[in-house]
2 protein chains.
Amino acid sequence: MAETAGGEALLFLTDEQLRKGIEAMFFAYRGFTADPDRILEGMDYGRAHHRAIHFIHRSPGTTVSNLLSILGVTKQSLNRVLRTLIEDGLVRSEKGRVDARERHLYLTEKGLILERELSDAQRARMRAAYRTAGPAAVAGFRQVLEAMMDPEMRRQYNRLKEGG
Amino acid sequence: MAETAGGEALLFLTDEQLRKGIEAMFFAYRGFTADPDRILEGMDYGRAHHRAIHFIHRSPGTTVSNLLSILGVTKQSLNRVLRTLIEDGLVRSEKGRVDARERHLYLTEKGLILERELSDAQRARMRAAYRTAGPAAVAGFRQVLEAMMDPEMRRQYNRLKEGG
DNA sequence: CTTGGAAAGTCAACAAGGCTGACGTAAATT
DNA sequence: AATTTACGTCAGCCTTGTTGACTTTCCAAG
């Protein structure tokens, strides 16, 4: 599998192979979001709410600013989502004690229940895919995805990966 | 890496590993779409136009119905996008000769130029990621993605993969 | 102590791109 | 002749993103 000096073994870098990868990302991402989307439709929530819930669960007590930089949206956009989650009692917002300008975000019991439901569904699909593909494929999967990220996003990703 | 009867080597299926995969998908997809998004901003087009252009280029002469089932959106949604692309002379729509109800879609010269620009950018990122991760990782990447798709999407994906 | 600036929140307006429902037309099929 | 299919279109709605302008709160530096 290693490439030779002549480069004959670089066939995995042909435009055709790259196109397959691009289309695989497109179709797979649809599957990736399908289950949570299905759960959320009917509730007043959407994918944006799912993302907020996921990362608050992941880093309890995170600030709004931090969440903004992870999600890469404007504060107005995030605020609309957070407001409904707080109003509905899924998220608790606590004024910072060291810096009272900051708001620290936590999932409530109710929030944790929805998070569970969403992530159970998403993990079930991921688990099935992992099991089908096997551990070596999973390692490759993660390597390629990580290499595909913008440097800033890779930083966020690794911070989460280790921090947790 | 192979699992034993006891299952001790199934560590790659832990919730923690699955969560990492989920977050990797999230951050990587952002990178995946970032370059085309950047190119399209400022033009009157968006990600939906990119997708239509990609699959028309991929299957010249495809019908509207076929495109609908690949993209998984409503005809009203697709039509809005196609209309602007046709008006702007990027896509040509031809009445079917065997079945005159169908419209066969093709990229014009102008359409091909934009397609090139978009796919060059997207492939460049994919190529860099592939090169960094190496051929074995790429194989695993594609395996996991394929396993993650809904069956119907996997059918579409494989039809494209072989048909081209 | 005052003031500058950062963090957070809010209001308003807008755009892209999804969706549903209803309707029309041409062509194929039964 | 009647029905079905493929496509287009109008109207209206929702989510989720955007900018811009503004206020409140608070920390920290002058």
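Just so it is clear, the values below take in all heavy atoms, side chains as well, and ignore hydrogens, waters and symmetry mates.
In this structure, B:R38 places its CZ atom 18 Å from P of D:dG17, rounding to the nearest Å. Between the CG atom of B:L105 and the P atom of D:dG8 there is a distance of 8 Å, given to the nearest Å. Between B:H50 atom NE2 and C:dG17 atom C1' there is a gap of 16 Å when expressed in whole angstrom units. In this structure, A:L85 places its CG atom 16 Å from C1' of C:dG9, rounding to the nearest Å. The distance from atom CZ of B:R83 to atom P of C:dA16 is 13 Å, rounded to the nearest whole Å. For B:Y45 and C:dA15, the OH to P distance is 17 Å, given to the nearest whole Å. One atom, CD of B:E41, and another, P of C:dA15, lie 16 Å apart when rounded to the nearest Å. Between B:E87 atom CD and D:dG8 atom P the separation is 12 Å, expressed in whole Å.
Sequence order on DNA chain D of the closest nucleotides to A:G46 and A:A100 puts A:G46 first from the 5' end. Where B:R103 and A:M43 meet DNA chain D, the nucleotide closest to each residue was compared, and B:R103 sits on the side nearer the 5' end.
Two residues are said to be in side-chain contact when any heavy atoms from C-beta on lie closer than 4.5 Å; B:E23 and A:F55 meet this criterion. Looking at heavy atoms from C-beta onward, A:H54 lies out of side-chain contact with A:L118 at the 4.5 angstrom threshold. At a threshold of 4.5 Å between non-hydrogen side-chain atoms, the residues B:K75 and B:N79 do not count as touching.
Panel note: side chain A:D150, backbone A:E152; no donor-acceptor pair is recorded below 3.5 Å.
Scanning atom types as modelled, one donor and one acceptor separated by under 3.5 angstrom connect the side chain of B:R101 and the base of D:dT5.
Look at A:N79 and you'll find a side-chain N or O under 4.0 angstrom from OP1 or OP2 of C:dT10.
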Task: Watson-Crick and G-U pairing of DNA chain C written in dot-bracket, each distance under 3.5 angstrom, with | for inter-strand partners - done: ||||||||||||||||||||||||||||||
- [ ] Starting at the 5' end of nucleotides 18-25 of chain C, put B wherever the base has a protein heavy atom under 4.0 Å, S where only the sugar-phosphate does, and a dash everywhere else.
- [x] BSBBB---
TODO: I would like to know whether A:F12 and B:F141 meet ring-ring contact (aromatic ring centres under 6.0 Å, His included); could you show each step before the answer?
DONE: CA-CA 12 Å; A:F12 75 111; B:F141 165 71; over 10 Å; no
- [ ] Would you sort out whether A:H49 and A:T84 count as a side-chain hydrogen bond (donor to acceptor under 3.5 Å, both in side chains), showing the intermediate values?
- [x] CA-CA 9 Å; A:H49 299 82; A:T84 68; 3.3 Å; yes
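Side chains of B:E102 and B:S65: no donor on one and acceptor on the other come within 3.5 Å.
Annotation: the span from B:Q156 atom CD to B:N66 atom CG amounts to 6.5 Å, rounded to 0.5 Å.
Checked options B:R123, B:R125, B:Q122; the residue passing with B:D35 is B:R125 (criterion: side chain to side chain donor-acceptor pair (under 3.5 Å)).
As judged by a 4.0 angstrom heavy-atom cut-off over every strand, B:H49 is placed among residues touching the sugar-phosphate backbone only.
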